[in-house]
Asks: 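One structure is given below, represented as structure tokens, and several questions about it will come after.
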Amino acid sequence: MEKENVAVGLDIGTTKIVAMIGKKNEYGKLEILGVGKSKSLGVARGVVNNITQTIQSIQQAIQEAENNSGYKIKDVVVGIAGQHIRSIQHTDYISRNNPEEVIGGDDIQLLIDQVNKLAMLPGEEIIHVLPQEFKIDGQSEIKEPIGMYGGRLESSFHVVVGQASSIRNVGRCIQSSGIELSGLTLEPLASSDAVLSQEEKEAGVALIDIGGGTTDLAIFKDGIIRHTAVIPFGGNVISDDIKEGCSIIEKQAELLKVKFGSAWPGENRDNEIVSIPGLRGREPKEISLKNLSKIIHARVVEIVEQVFTEIKAYGHEDPRKKLIAGIVLTGGGAQLKHIKQLVEYITGMDTRIGYPNEHLAGDSDEEFSSPLYATAVGLVMNSIENKTQSAVRMDEIAPPKAAVYRAPVVESYDRREEEEEEVETRTKANKEESTGDKIKRSFFDRYVDKIKDFLDNAE
């Protein structure tokens, strides 16, 4: 029987940590087996600032996901975000020794390795090297160079860079939680896998993921990632403003925002008031919904304007770079009432809310198709793509005691044959991989190994 490919994504956010276990069903859709959610303590604006609290929060989410699914988690693909992330455009080339030979995966790997050696600012490390378009002997706009002839192979790259210490802290938290790190993905890239269609990526689209501590942006055009940015504001700053403006506690501010909040102040009448219980025997507080939406509106406008500045920096106003599909909003902040209308008003671009339900199996719980879970769904999809076997059934872990006394002579030969067949099949599959898959896999393997080596040496 073929082993089922069970994948696990771990979304370490500023407000929540989500562990999601899933696998592909027979129709190629994502079947969610279990989800664990815990309050994120020890993370601020996407960056770990308290190792002990973060480990406890991760363990809580992992435990809940295991209990819900009946699977034991071995390793996870983790989303990386935070204000330390930045991206650069870089062009590099190699001159091939033998132009009479067709270009192969090794040539592209050589080019990637060259970009990985780029000098970064002190304390920074390259997270992703994403090829955009190739050029062979001056012929441009080549998307798949493998199998072509040429002496000079050139490519433009989108390079995502982050603080090495922040990335290693995440690795340390995961290892200390008793699980392994199988891959790293930039969170806006994971979210884009979950909520964007290929047509949107071709036409040109900006994905805005409004999280608790950060707002992530990913811009696609012609099916290629063109720009990424992380803005250090999210839903938490809106709650903080409500807390200060209405003189109430954080918990009440968050509830007010979720239940009564609106990004458009014009719709509330002056006489609409909500009463909040006072603290410890004090009088209840009365808050005008019009004032509440004014506070929210001011902060959301600030966030959207910062994102729009990034979109303009990419060159959206250039007719060749125009984002025809407009903007897709996702993340917890996308659930705020009338945010879609406000974004359209500020940017003048078509906007929709992005739900990850397109990739989910039909019988999935409705809760998981919320924009809140977009990143977690994207991370599980990423893990499935990398063919990871991240979790095993609980009942498979404890073998029956009788198995200890059996002499498995014949079985070992069968197993060896099976393993050889498996290696052969894997080799065949690897031959058929596209340039993008090959790059993604080899790069992640090396990067995760690098983090594991660092953690092992640090102990």
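What you are looking at is a predicted structure, and each value in this text was computed from that prediction instead of being measured. FYI, the numbering just counts along the sequence from 1.
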Asks: Could you list the residues that satisfy salt bridge (charged side-chain N to carboxylate O under 4.0 Å, His left out) with K340, not counting sequence neighbours?
Replies: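 For K340, the residues satisfying salt bridge (charged side-chain N to carboxylate O under 4.0 Å, His left out) (neighbours in sequence not counted) are E344.
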Asks: Please collect all side chain to side chain donor-acceptor pair (under 3.5 Å) contacts where either partner lies in residues 35-55, sequence neighbours excluded, each pair once.
Replies: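 Counting only pairs at least two positions apart or across chains, the side chain to side chain donor-acceptor pair (under 3.5 Å) contacts touching residues 35-55 are N50-Q53.
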Asks: For S383 and V380, indicate whether the former's side chain and the latter's backbone hold a donor-acceptor pair under 3.5 Å.
Replies: no
Asks: CD/Q163 to CD1/I127 distance, rounded to the nearest 0.5 angstrom?
Replies: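 Rounded to the nearest 0.5 Å, the CD-CD1 separation comes out at 10.0 Å.
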Asks: Contact between L292 and L289 at the side-chain level, heavy atoms closer than 4.5 Å - yes or no?
Replies: yes
Asks: I would like to know whether V392 and V6 meet side-chain contact (heavy atoms from CB on, under 4.5 Å); could you show each step before the answer?
Replies: CA-CA 8 Å; V392 287; V6 180; over 6 Å; no
Asks: Can you list every side chain to side chain donor-acceptor pair (under 3.5 Å) pair that touches residues 211-220, not counting sequence neighbours?
Replies: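 Found T214-D216.
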Asks: Ignoring hydrogens and geometry beyond distance, is a side-chain donor-acceptor pair present between T14 and N236 at under 3.5 Å?
Replies: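 Not at all, the side chains of T14 and N236 share no donor-acceptor pair under 3.5 Å.
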Asks: Please lay out, stage by stage, how T330 and D209 fare under the test side-chain hydrogen bond (donor to acceptor under 3.5 Å, both in side chains).
Replies: CA-CA 5 Å; T330 193; D209 185 343; 5.5 Å; no
Asks: Starting at CG of L207, measure out to CG of L323 and round the result to the nearest 0.5 Å.
Replies: 11.5 Å
Asks: Rounded to the nearest 0.5 Å, what's the gap from OG1 on T347 to NZ on K312? Could you check?
Replies: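 Spacing of OG1 (T347) from NZ (K312) equals 10.0 Å.
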Asks: Could you walk me through whether L189 and L130 pass side-chain contact (heavy atoms from CB on, under 4.5 Å), step by step?
Replies: CA-CA 11 Å; L189 293 182; L130 304 164; 4.0 Å; yes
Asks: Check step by step if side-chain contact (heavy atoms from CB on, under 4.5 Å) holds for I311 and I327.
Replies: CA-CA 10 Å; I311 294 172; I327 290 172; 4.2 Å; yes
Asks: Does any N or O in the side chain of H316 come within less than 3.5 Å of the main-chain N or O of A313, such that one atom is a donor and the other an acceptor?
Replies: no
Asks: Only one of I167, D11, I174 forms a side chain to side chain contact (heavy atoms under 4.5 Å, CB included) with V78, so which one is it?
Replies: I174
Asks: First locate atom CD1 of I276, then atom CD1 of I248, and finally report the distance between them rounded to the nearest 0.5 Å.
Replies: 4.0 Å
Asks: Assess whether atom CD of Q341 is packed by more than 12 heavy atoms of other residues, nucleotides or ligands within 6.0 Å.
Replies: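 Correct, the count exceeds 12.
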Asks: Of the non-hydrogen atoms in A19 and A61, which two are nearest, and what is the gap between them?
Replies: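 Nearest pair, atom of A19 first, then A61: CB-O, 3.9 Å.
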Asks: Are S177 and Q59 close enough, and set up right, to give a side-chain hydrogen bond (donor to acceptor under 3.5 Å, both in side chains), and what steps lead you there?
Replies: CA-CA 6 Å; S177 302; Q59 283 172 334; 4.8 Å; no
Asks: Looking only at heavy atoms, what is the nearest atom pair of D75 and S390, with distance?
Replies: OD1-OG, 2.7 Å
Asks: Counting distance only, does the side-chain N/O of Q132 pair as donor-acceptor with the main-chain N or O of S155 below 3.5 Å?
Replies: no
Asks: Is it true that a side-chain atom of S87 and a backbone atom of T228 form a donor plus acceptor pair closer than 3.5 Å?
Replies: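 It does hold such a pair.
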Asks: Are any side-chain N or O atoms of Q252 and backbone N or O atoms of P277, one a donor and one an acceptor, separated by less than 3.5 Å?
Replies: yes
Asks: Just wondering, do K201 and Q198 contact through their side chains at under 4.5 Å, heavy atoms?
Replies: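 Yes, at least one pair of side-chain atoms sits under 4.5 Å.
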Asks: A side-chain contact here means heavy atoms from C-beta on lying under 4.5 Å apart; do P371 and I353 qualify?
Replies: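 The answer is yes, as the side chains (C-beta and beyond) meet within the 4.5 Å cut-off.
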Asks: How are the rings of Y314 and H227 set to each other: parallel, tilted or perpendicular (split at 30° and 60°)?
Replies: tilted
Asks: Evaluate the side-chain proximity of F157 to I112: yes if any heavy-atom separation is below 4.5 Å, no if none is.
Replies: yes
Asks: Enumerate the side chain to side chain donor-acceptor pair (under 3.5 Å) contacts for residues 20-34, please, sequence neighbours excluded, ordered by first and then second residue.
Replies: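 Applying side chain to side chain donor-acceptor pair (under 3.5 Å) to every pair that reaches into residues 20-34, excluding sequence neighbours, yields E4-K23.
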Asks: NE2/H128 to CG/L184 distance, rounded to the nearest 0.5 angstrom?
Replies: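 Those atoms lie 7.5 Å apart.
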Asks: Using side-chain contact (heavy atoms from CB on, under 4.5 Å), reason through V115 and L118 one step at a time and then give a plain yes or no.
Replies: CA-CA 5 Å; V115 178; L118 273 180; 4.0 Å; yes
Asks: With no hydrogens and no angle check, is any side-chain donor or acceptor of S293 less than 3.5 Å from a backbone partner on K290?
Replies: yes
Asks: Strictly by side chain to side chain donor-acceptor pair (under 3.5 Å), give each pair with a member in residues 349-360 just once, sequence neighbours left out.
Replies: E200-R352
Asks: Is there side-chain contact between I179 and V8, with at least one heavy-atom pair below 4.5 Å?
Replies: no
Asks: Do V35 and V18 come close enough that some side-chain heavy atom pair is under 4.5 Å?
Replies: yes
Asks: Please name the pair of heavy atoms, one in I12 and one in E187, separated by the smallest distance, quoted to 0.1 Å.
Replies: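 That closest heavy-atom pairing would be O-OE2, 3.9 Å.
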Asks: If you round to the nearest 0.5 Å, how far is CD of Q60 from CD1 of I62?
Replies: 11.5 Å
Asks: Can you name the nearest heavy-atom pair linking A325 to V205, along with the distance?
Replies: CB-CB, 4.0 Å
Asks: Would a distance-only check, ignoring hydrogens and angles, find a side-chain to backbone donor-acceptor pair under 3.5 Å from S239 to E254?
Replies: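 No, the answer is negative, given that no donor and acceptor are paired below the 3.5 Å cut-off.
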Asks: I need the full list of salt bridge (charged side-chain N to carboxylate O under 4.0 Å, His left out) pairs touching residues 221-242, with sequence neighbours left out, sorted by first then second residue.
Replies: E133-R226, D222-R226, D241-R299
Asks: Where do S182 and V77 come nearest, in terms of heavy atoms and distance?
Replies: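 Result for this residue pair: OG-CG2, 3.5 Å.
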Asks: Which heavy atom in I384 sits nearest to a heavy atom in N5, and how many Å separate them?
Replies: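 Taking every non-hydrogen atom into account, O-OD1, 3.5 Å.
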Asks: With a 4.5 Å heavy-atom cut-off, do L342 and I346 have their side chains touching?
Replies: yes
Asks: Taking the side chain from K257 and the backbone from G235, do they hold a donor-acceptor pair closer than 3.5 Å?
Replies: yes
Asks: With distance as the sole criterion, is a donor-acceptor pair present between the side chains of T91 and S156 under 3.5 Å?
Replies: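 Side chains of T91 and S156: no pair found under 3.5 Å.
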Asks: Closer than 3.5 angstrom, by distance alone: can the side chain of H297 be matched with the main-chain N or O of A263 as a donor-acceptor pair?
Replies: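 Judged by distance alone, yes, a pair lies under 3.5 Å.
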Asks: With the side chain counted from C-beta on, respond yes when E125 and R168 share a heavy-atom pair under 4.5 Å apart, and no when they do not.
Replies: yes
